[in-house]
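All values below were derived from every heavy atom in this structure, side-chain atoms included, with hydrogens, water molecules and symmetry-related copies excluded. It should be emphasised that the depicted structure is a prediction, and the values quoted were computed from it without experimental measurement.
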Amino acid sequence: MTDTEISKQSGDYDSARDVEALTDDELSPQLSQREQVLDRVRSDRYIAKETVGANGLDHLDPSGKSLPPFGGGRPYPPMLPAREQYIVEYTGPDDPYHPLNWSALKKIKIMSILGFATMGVTWGSSIFASATEEIADRFDISLVVAIVGMSLYVFGFAAGPLCWAPLSEMYGRRLPVLIGIFGFAVFNLSVARAYDLQTIMICRFFAGFFGASCLAVVPATFNDIFTNEWRGTALVCFATAVFCGPLVAPIIGGFIVYSYLGWRWTEYITMIWGFFAFTLVLFFVDETYAPVVLVRKAARLRRETGNWGIHARQEQTELDFKGLLERNFSRPVKMLFTEPIMFLVTLYSAFIYGMLYLLLEAYPIIFVEGYGMSPSIGELPYFGMIVGELLGCAIVFVFEPMTVRAMKANNSKPVPELRLLPTIIGGIFFPIGMFWLTWTGAYPQHVHWIVPTVAGIFVGSGIILIFLSLITYLIEAYMMFAASAMAANTFLRSGFGAGFPLFADAMFHNLGIQWAGTLLGCLGLMLIPVPVMFFIYGKRLRTLSKYAPDM
């Protein structure tokens with residue numbers, strides 16, 4: 001099919017003539033952008049068929065045999081003209097309404113605000129770790145019970161995406177993020193004001209549940225507004241927020257808890273962060289989900305033309321609870337357990353995510369108990385992991401030009417398997433870092449504290465390389481259902497993130513620091529073949545999937 005024919009199918013006659021008038025040098029880069037917009041439009045139409053109630057009225061009999069009476073003593077009116085001619089569409093690949101065609105400045109603004117909000121949510125998950133000893137003393141409970149407050153928050157991360165991701169595919173990205181961030185701020189305020197343990201635990205769970213809207217929806221938002229060439233760069237920012245937040249929070253939280261402010265101010269600061277992020281999203285972030293953008297366009301056309309029949313394809317859906325469960329809420333779970341790519345990649349990323357939260361408990365054992373540092377100073381070695389994560393992000397950037405060249409050679413379509421090359425490097429870095437960290441940190445009387453701190457560079461870079469590359473791979477492999485893919489991934493990895501800290505203390509004390517680290521490092525070695533296998537066979541598996549066709 002020629003570019004002119006494609007453009008005509010999208011209603012973009014003027015743009016088609018413009019393309020014909022371009023020289024060969026001008027044609028190539030513009031076609032890349034145009035083809036990507038057209039692919040997104042075709043994908044959006046496909047998703048519309050898969051949403052709740054899209055075809056729910058087609059089987060009904062207009063004679064009324066399967067319908068209630070029309071009412072008012074009137075018969076059913078005659079059927080309207082064909083619905084298709086009233087459906088609002090994009091005018092073509094150059095339509096300024098389409099999020100892919102927004103200005104670079106607007107995209108960077110949205111990316112920065114949503115990255116800031118995501119970092120606040122992940123900050124809230126670990127800032128509580130600094131307060132666990134104080135809470136254990138205040139409420140006369142064991143340290144493990146106090147750690148449950150952090151685990152319940154991450155359990156909220158696991159449950160939340162199963163709600164927020166399907167809603168984002170029905171009503172757009174902006175509404176779930178707004179509701180989520182507002183709820184996140186309110187429940188953190190409730191934790192700060194709580195005077196009994198059960199209130200703290202319940203509110204921690206719901207703070208994580210609402211905050212999970214960012215984890216599930218923000219990557220899909222970046223997918224909405226960035227082309228294939230820039231998506232990897234945008235997701236680096238997302239991954240940095242996801243992993244730097246939990247590591248920066250204990251460092252700052254340790255000084256807050258042991259100052260005159262006390263542990264409650266760790267939650268007050270998180271609450272302030274949440275309300276500030278909510279304000280930024282409310283006033284400066286527009287809707288990015290292309291089908292819902294058309295809903296706004298259709299509403300404007302109805303007002304200005306007075307033609308009540310004008311509507312967007314997304315408005316054909318009818319909210320049906322049974323259908324909602326079967327086709328939208330169940331989709332992430334179905335993808336997780338029926339897609340080999342989804343399950344194994346998510347399992348690997350879940351292990352790495354669990355390790356992040358396990359290390360929040362392991363580092364104090366190594367540096368506070370072993371090296372005798374104060375609780376606040378003992379959080380500073382996390383800087384080694386933070387440096388490692390920034391180094392990992394730099395390595396991902398090094399691979400971006402090669403990935404972009406491969407996309408252009410593939411008609412500007414993603415080549416998801418190339419995203420797995422940094423994962424393989426990270427898979428090697430991570431066990432090296434774990435062996436180094438725990439075998440040197442187990443002998444504080446013989447090894448200077450800087451040695452295990454430097455090991456954190458390998459651990460941090462391994463974690464970010466694995467996580468970031470796998471997340472990008474999932475989004476590009478399941479592009480049409482990116483939000484559902486992220487929901488499934490977040491569901492499993494948050495379960496690991498919640499469970500790992502609960503056994504960290506017993507594991508490192510009973511096995512010993514060096515042998516606990518050896519066990520975890522060996523598990524990391526066992527998972528290295530996962531990205532290698534999908535790098536070789538991933539494309540073949542995607543062609544067999546109904547959720548990840550090679551588009």
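- In this structure, T438 and W515 have side chains that are not in contact, with every pair of non-hydrogen atoms separated by 4.5 Å or more.
- Side-chain contact between R493 and F351 is absent, with no heavy-atom pair separated by less than 4.5 Å.
- Contact check for F128 versus T266: no side-chain heavy atoms found under the 4.5 Å cut-off.
- Applying the salt bridge (charged side-chain N to carboxylate O under 4.0 Å, His left out) definition to pairs two or more places apart or across chains, those involving residues 260-277 are R204-E267.
- Between M150 and S125 there is no side-chain heavy-atom pair separated by less than 4.5 Å.
- Although no hydrogens or angles enter the test, the distance criterion places a donor-acceptor pair under 3.5 Å between the side chain of W273 and the main chain of F116.
- Checked against ring-ring contact (aromatic ring centres under 6.0 Å, His included), W263 has no partners two or more places apart in sequence or in another chain.
- In this structure, L360 and S126 approach most closely via the heavy-atom pair CD1-CB, 3.5 Å.
- No side-chain donor-acceptor contact under 3.5 Å links R173 to the backbone of E287.
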Show me, pair by pair, the donor-acceptor contacts under 3.5 angstrom made by side chains of residues 207-222, not counting sequence neighbours?
residue : atom : partner : partner atom : Å
S213    : OG   : F210    : O            : 3.0
T221    : OG1  : V217    : O            : 2.9

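- Annotation: ring-ring contact (aromatic ring centres under 6.0 Å, His included) contacts of F429 (sequence neighbours excluded): F458.
- In this structure, F430 and M355 have side chains that are in contact, with non-hydrogen atoms separated by less than 4.5 Å.
- Remark: F500 pairs with F496, F503 by the ring-ring contact (aromatic ring centres under 6.0 Å, His included) rule, at least two apart or across chains.
- Partners of F275 under the ring-ring contact (aromatic ring centres under 6.0 Å, His included) rule, at least two apart in sequence or in another chain, are F182.
- The minimum heavy-atom distance linking V154 with S494 is given by the pair CG1-O, 3.1 Å.
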